[in-house]
Peer 1: 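Handing you a structure now.
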Amino acid sequence: MTFESQNNSKVRAHTNIALVKYWGKENEALKIPTTSSLSLTLDKFYTDTEVTFKNELAADQIIFNGEAVKGNKAKRITNFLNIVREMAGKNIFAEVKTSNNVPTAAGLASSASGFAALAGAASKAIGLKLNKKELSRLARRGSGSATRSIYGGFVEWQKGFGDQTSIGVPFIEKVDWNIHIVAILVNKSEKEMTSTQGMKISKDTSPYYVEWKKLCKRDLKNIKIAIKAHDFSRMGKIAEENAMRMHALTLSADPDFTYFDADSLKVMKLVHNLRQRGIECYFTMDAGPNVKILVEDHNLVSLKQELKKDFDEDKIIVASPGPGIKYLK
Ligand code: PMV
């Protein structure tokens, strides 16, 4: 078989929401984090990416949701494809067709599913046979959070000791726990401060950064115990506190910035309020204004009813634990 006849691959990867966040790099080029993190892969949000390497192309062609991608976004993908080409020792350009079932750049970690799918599709299409460990390592070079999206369920991204050991490790792949993450899409516009910029400013200037690293270590240890024991209260409390500490880094950075908007604060207040009324739920938030609420199945209906008083139904998306990457072709 010639290279041309087997040079295509299509992959679906799901996004993940970190319960103990990654917020800062020790090594910018290799995307080695300052701390280990832990996430839950979700079923509702995913990216499908098809990669075809073609001899006749003079440059990579990237099509996102049917439209050609140009500028910095295209450059980021080409840079990633350069890593894949180097690994394979092949100098050939690719056509990348990708579609997202995630509101792009609105804090639902589309880069996680995006680069996990691209790592899977591009590496296979160029003829590399990577196992999941190797895929996770490769996905990390595109976006840190993508490291975890190779696997389903609860996944730890171990900081490691460098390129080889900084990878995702499944913690509990098959989640036997009826829990959900309810995403409230408070704003679909693109974020102003990328996570790359935001975490760098936080790490370089927040006086609390040293403390953040220490507490992440403690949070990770404790959340693993809570997850294993299906202790929802403990897991939720750790996730909420960890998220707020991450956002405290942005507020205490120089220049200060925030991903909160008025609606984000409204949802947080509602969550506190519901807890007082016995509807147990916890929030988390990433590099965008959308808030994600952790809830057990028996409280889902009540939570949705409350949210519907303030938000349109189509802005409330219920997700559950989801799978790792899948080859579609
Ligand atoms: O991998 P990036 O650059 O999309 O950064 C992700 C950062 C957070 O989503 C805020 C936290 C995390 O661990 O996913």
Peer 1: Looking only at atom types and distance, does a side-chain atom of Glu173 sit under 3.5 Å from a main-chain N or O of Gly153, one as donor and one as acceptor?
Peer 2: no
Peer 1: Hey, are the side chains of Val96 and Glu50 touching, using non-hydrogen atoms and a 4.5 Å cut-off?
Peer 2: no
Peer 1: Quick one: does any side-chain atom of Ser36 pair with a main-chain N or O of Lys159 as donor and acceptor, under 3.5 Å?
Peer 2: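 Pair found, side chain donor or acceptor close to backbone of Lys159.
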Peer 1: Knowing that exactly one of Asn16, Thr41, Leu38 qualifies, which makes a side chain to side chain contact (heavy atoms under 4.5 Å, CB included) with Val155?
Peer 2: Thr41
Peer 1: Working to the nearest 0.5 angstrom, can you tell me the gap between Phe161 CZ and Ser166 OG?
Peer 2: 10.5 Å
Peer 1: Does NZ or CZ of Lys266 fall inside the cone over Phe311's six-membered ring, less than 6.0 Å from its centre and within 45° of the axis?
Peer 2: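 That pair qualifies as a cation-pi contact.
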Peer 1: Taking atom CG of Asn72 as the centre, report whether more than 12 heavy atoms of other residues, nucleotides or ligands fall under 6.0 Å from it.
Peer 2: no
Peer 1: Report, as yes or no, whether the 6.0 Å neighbourhood of atom NZ on Lys132 holds more than 12 heavy atoms from other residues, nucleotides or ligands.
Peer 2: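 Counting neighbours around NZ of Lys132, more than 12 heavy atoms of other residues, nucleotides or ligands fall under 6.0 Å, so yes.
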Peer 1: Are the ring centres of His14 and Phe45 closer than 6.0 Å?
Peer 2: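 Between His14 and Phe45, the centre distance exceeds or equals 6.0 Å.
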Peer 1: Can you tell me if Arg85 uses its side chain to pair, donor with acceptor, with the backbone of Asn91 under 3.5 Å?
Peer 2: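 Not at all, since once roles are kept as given, no pair shorter than 3.5 Å links the two residues.
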Peer 1: Looking at Tyr327, does the NZ or CZ of Lys124 lie under 6.0 angstrom from its six-membered ring centre and within 45 degrees of the ring axis?
Peer 2: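 Because its charged atom sits under 6.0 Å from the ring centre and within 45° of the axis, Lys124 does stack over Tyr327.
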Peer 1: With ring centroids as reference points, do Phe115 and Phe80 lie under 6.0 angstrom apart?
Peer 2: yes
Peer 1: Using a strict threshold of under 4.0 Å (side-chain N to carboxylate O), is an ion pair present between Glu134 and Lys129?
Peer 2: no
Peer 1: Run the salt-bridge test on Lys213 and Glu26 with the 4.0 Å N-O cut-off and return the result as yes or no.
Peer 2: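 So Lys213 does not pair with Glu26 through a salt bridge.
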